[in-house]
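First comes the structure, then the notes that go with it.
Everything numeric here is computed off the predicted structure, so don't read it as measured data. Below, chains carry the letters A, B, ... as their sequence lines are ordered, and counting in each starts from 1.
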Protein chains: 2
Amino acid sequence: MYSFTEENYLKAIYKLSDVDGNGVSTNSIAENLETKAASVTDMIKKLSNKKLLKYEKYKGVNLTPKGKDVAIQTIRKHRIWEVFLHEKLKFGWEEVHDVAEQLEHIQSELLINKLDEFLGFPTHDPHGDPIPGKNGEFQGNPFASLDTVEIHKKVVLSGVINHSVSFLQHLKKIDLTLGQQLTIIERNDYDQSLKLMLNDQVEIFISNEVAKNILVK
Amino acid sequence: MYSFTEENYLKAIYKLSDVDGNGVSTNSIAENLETKAASVTDMIKKLSNKKLLKYEKYKGVNLTPKGKDVAIQTIRKHRIWEVFLHEKLKFGWEEVHDVAEQLEHIQSELLINKLDEFLGFPTHDPHGDPIPGKNGEFQGNPFASLDTVEIHKKVVLSGVINHSVSFLQHLKKIDLTLGQQLTIIERNDYDQSLKLMLNDQVEIFISNEVAKNILVK
DNA sequence: ATATAAATTTAGGTTTGTCTAAAAATTTTA
DNA sequence: TAAAATTTTTAGACAAACCTAAATTTATAT
Ligand SMILES: [Mn+2]
Ligand SMILES: [Mn+2]
Ligand SMILES: [Mn+2]
Ligand SMILES: [Mn+2]
């Protein structure tokens, strides 16, 4: 139905869309997709003709409901494939994204629905990101960033803000994984670094830089 | 490494290659890929420049070892994905091919090797076609066509010649599935139709047209 | 309010893969 | 073997997605 490239543009624009309806800028799309502004303008015109977004010259773009739906369905496929790669094929959580970027463009409703069923209808991907349903609904209870959590409160590691390979590898290295129960034992006022208790067993130190990128509930 | 289209051309040429080294004709490639001869000539020049095949004007083409390797690896990916779709996602054997045509172009050595392991290193796809190994070896004991099998001999349904959706659906309808044990009870001289015994239990009739397209061992 | 800077669009091209129509080479037929 | 038929290649175009350089519009600073 839509090309590889069209789906990637719609996904990028969806992710860049504000809660308030400010148009997404040409430059931000170009940066996100690692392409040039001139190329973005070309593609925007094409997507506008197809009624996937609203475009006013120099004013940025906003997805139409149709465009938003294509974006969300692509995100749904991406995250379901990530679950498959992680749960079934034992890919590390830092390895799944690049392959899912390819798999998300396979065109078969049947395939994604059967895969969803095979995986037991997962609600979140290996990074804790929610998987939208067939009709595009997000069951969104957003998580809190660990650096805002009060001391001694028991929380569960449920997501990450930074999705980079290096950050994900770092968490793995210090044994921080999704689903883990943790508590802040001590917060250092000087640099906002934290001492954590993991599963009531092990103590570790993390910097504020790391804490800011961890989501808990 | 190679584009979607390049891989499809190499796969088509590989399948059209004679045992004797006759060049594959432009027209046969065009027909196989449902494109035009002029387009084939263009692509042939490109693949020839990349040393994936040998091309002499008006004489047809032959794959180089490198081109043959790309073709076989693409077939390997196709068939492994077909096993996944059939065994794990419960696709019918007539449904797997079209989706595998897309999945075979996903570029990740790690993915295909992990998938292969996940499936227990299958040797044949859902249609009985052999899956080449990582180094391109086929363990090829070719099957016999059912219409050449002698009467009363016990054989196992191991493959099909015709891979069309309609033929595969027909076999399913008359309860002929891969791995089934069968024996020819009677051959009608008039039209070469057969009476078969399935698993020593059920008798069915099949036409010569069907028998010619069934492979057994 | 201008001048400068930044963002965006336009103009003109490239690459990949496709097409039709016409020319050239090869094969078949008589 | 010469004519006819078939196959293959070439010429010229087109659409998708990208690029650089230049022009235009909008935003920022003095
Ligand atoms: Mn991802
Ligand atoms: Mn993810
Ligand atoms: Mn197939
Ligand atoms: Mn097959």
Side-chain angles (χ1 to χ4, degrees), chain A residues 1-13 16-18 20-63 67 70-71 74 101-102 104-107, chain B residues 1-13 16-18 20-63 67 70-71 74 101-102 104-107:
Chain A
M1 194 65 174
Y2 300 103
S3 75
F4 191 101
T5 310
E6 287 171 331
E7 287 183 348
N8 281 341
Y9 268 87
L10 293 170
K11 202 167 53 126
I13 294 165
L16 292 167
S17 293
D18 271 342
D20 46 309
N22 284 331
V24 177
S25 75
T26 304
N27 262 0
S28 64
I29 298 168
E31 194 185 357
N32 191 280
L33 293 175
E34 293 178 276
T35 182
K36 296 297 154 75
S39 308
V40 173
T41 302
D42 282 351
M43 179 58 78
I44 277 174
K45 286 176 184 167
K46 193 180 149 194
L47 295 174
S48 179
N49 287 335
K50 293 193 179 183
K51 311 286 183 206
L52 292 162
L53 50 79
K54 268 264 181 293
Y55 170 53
E56 250 189 297
K57 265 194 198 177
Y58 296 101
K59 303 285 175 177
V61 298
N62 285 102
L63 294 180
V70 175
T74 306
E101 281 292 306
Q102 295 182 65
E104 72 187 9
H105 303 292
I106 301 290
Q107 295 191 322
Chain B
M1 196 65 174
Y2 300 103
S3 75
F4 191 101
T5 310
E6 287 171 331
E7 286 182 349
N8 281 340
Y9 268 88
L10 293 170
K11 202 168 53 127
I13 294 164
L16 292 166
S17 292
D18 271 342
D20 46 311
N22 285 329
V24 177
S25 74
T26 304
N27 262 359
S28 65
I29 298 169
E31 195 185 355
N32 191 279
L33 293 174
E34 292 177 279
T35 182
K36 296 297 152 76
S39 307
V40 173
T41 302
D42 283 349
M43 179 58 78
I44 277 174
K45 287 177 185 166
K46 191 179 152 196
L47 295 174
S48 180
N49 287 336
K50 293 194 178 183
K51 311 285 183 207
L52 292 162
L53 49 79
K54 270 264 182 293
Y55 170 54
E56 249 189 297
K57 265 194 198 177
Y58 295 100
K59 303 284 176 179
V61 298
N62 285 103
L63 295 179
V70 175
T74 306
E101 282 293 306
Q102 294 182 65
E104 71 187 9
H105 303 292
I106 300 291
Q107 295 190 323

- Item | Contacts of A:Thr26 that satisfy side-chain hydrogen bond (donor to acceptor under 3.5 Å, both in side chains) - sequence neighbours left out | none
- Nearest 0.5 Å, what's the CD-CG distance between B:Glu7 and B:Leu52? 10.5 Å
- Task: Verify side-chain contact (heavy atoms from CB on, under 4.5 Å) between A:Asn32 and A:Tyr9, making sure each step is shown before the conclusion.
- Result: CA-CA 9 Å; A:Asn32 191 280; A:Tyr9 268 87; over 6 Å; no
- What's the NZ-P distance between B:Lys45 and C:dT18, to the nearest Å? 15 Å
Which atoms of nucleotides 20-22 of chain C (N or O only) lie under 3.5 Å from a protein N or O atom, and what are those distances?
| unit_1 | atom_1 | unit_2 | atom_2 | d |
| --- | --- | --- | --- | --- |
| C:dT20 | OP2 | B:Lys36 | NZ | 3.2 |

- Message: Could you measure the distance from the CE atom of A:Met43 to the CG atom of A:Leu53? Nearest 0.5 Å is fine.
- Response: 10.5 Å
- Send over the distance from B:Asp42 CG to D:dC14 C1', rounded to a whole Å. 13 Å
- So what does A:Tyr9 touch, heavy atoms closer than 4.0 Å: a base, only the sugar-phosphate, or nothing? sugar-phosphate
- Query: Can you give one letter per nucleotide of nucleotides 3-8 of chain C, going 5' to 3': B for a protein heavy atom under 4.0 Å from the base, S for sugar-phosphate only, - for none?
  - Reply: ----SB
- salt bridge (Lys or Arg N to Asp or Glu O under 4.0 Å) partners for B:Glu31, two or more places apart: none
- Task: For B:Glu56 and C:dT26, give me the distance from atom CD to atom C1', rounded to whole Å.
- Result: 14 Å
- Message: Test of understanding: with ring-ring contact (aromatic ring centres under 6.0 Å, His included), list the residues that count as partners of A:Phe4, not counting sequence neighbours.
- Response: A:His105
- Query: Can you list the residues that meet the salt bridge (Lys or Arg N to Asp or Glu O under 4.0 Å) rule with A:Glu6, with sequence neighbours excluded?
  - Reply: A:Lys46, A:Lys50
- Query: Separation of B:Asn8 atom CG from C:dT16 atom C1', in whole Å?
  - Reply: 14 Å
- Message: Let me confirm one number: the CG-CD distance from B:Asn62 to B:Glu56, rounded to the nearest 0.5 Å.
- Response: 9.5 Å
- Item | A:Leu47 CG - D:dA16 P separation (whole Å) | 12 Å
- Query: Rounded to whole angstroms, how far apart are CD1 on A:Ile29 and C1' on C:dT9?
  - Reply: 14 Å
- Query: Heavy atoms, side chains only, cut-off 4.5 Å: are A:Ser25 and A:Tyr58 in contact?
  - Reply: no
- Spacing of A:Asn49 atom CG relative to D:dA16 atom C1', expressed in whole Å: 14 Å
- Item | A:Met43 CE - D:dA15 C1' separation (whole Å) | 12 Å
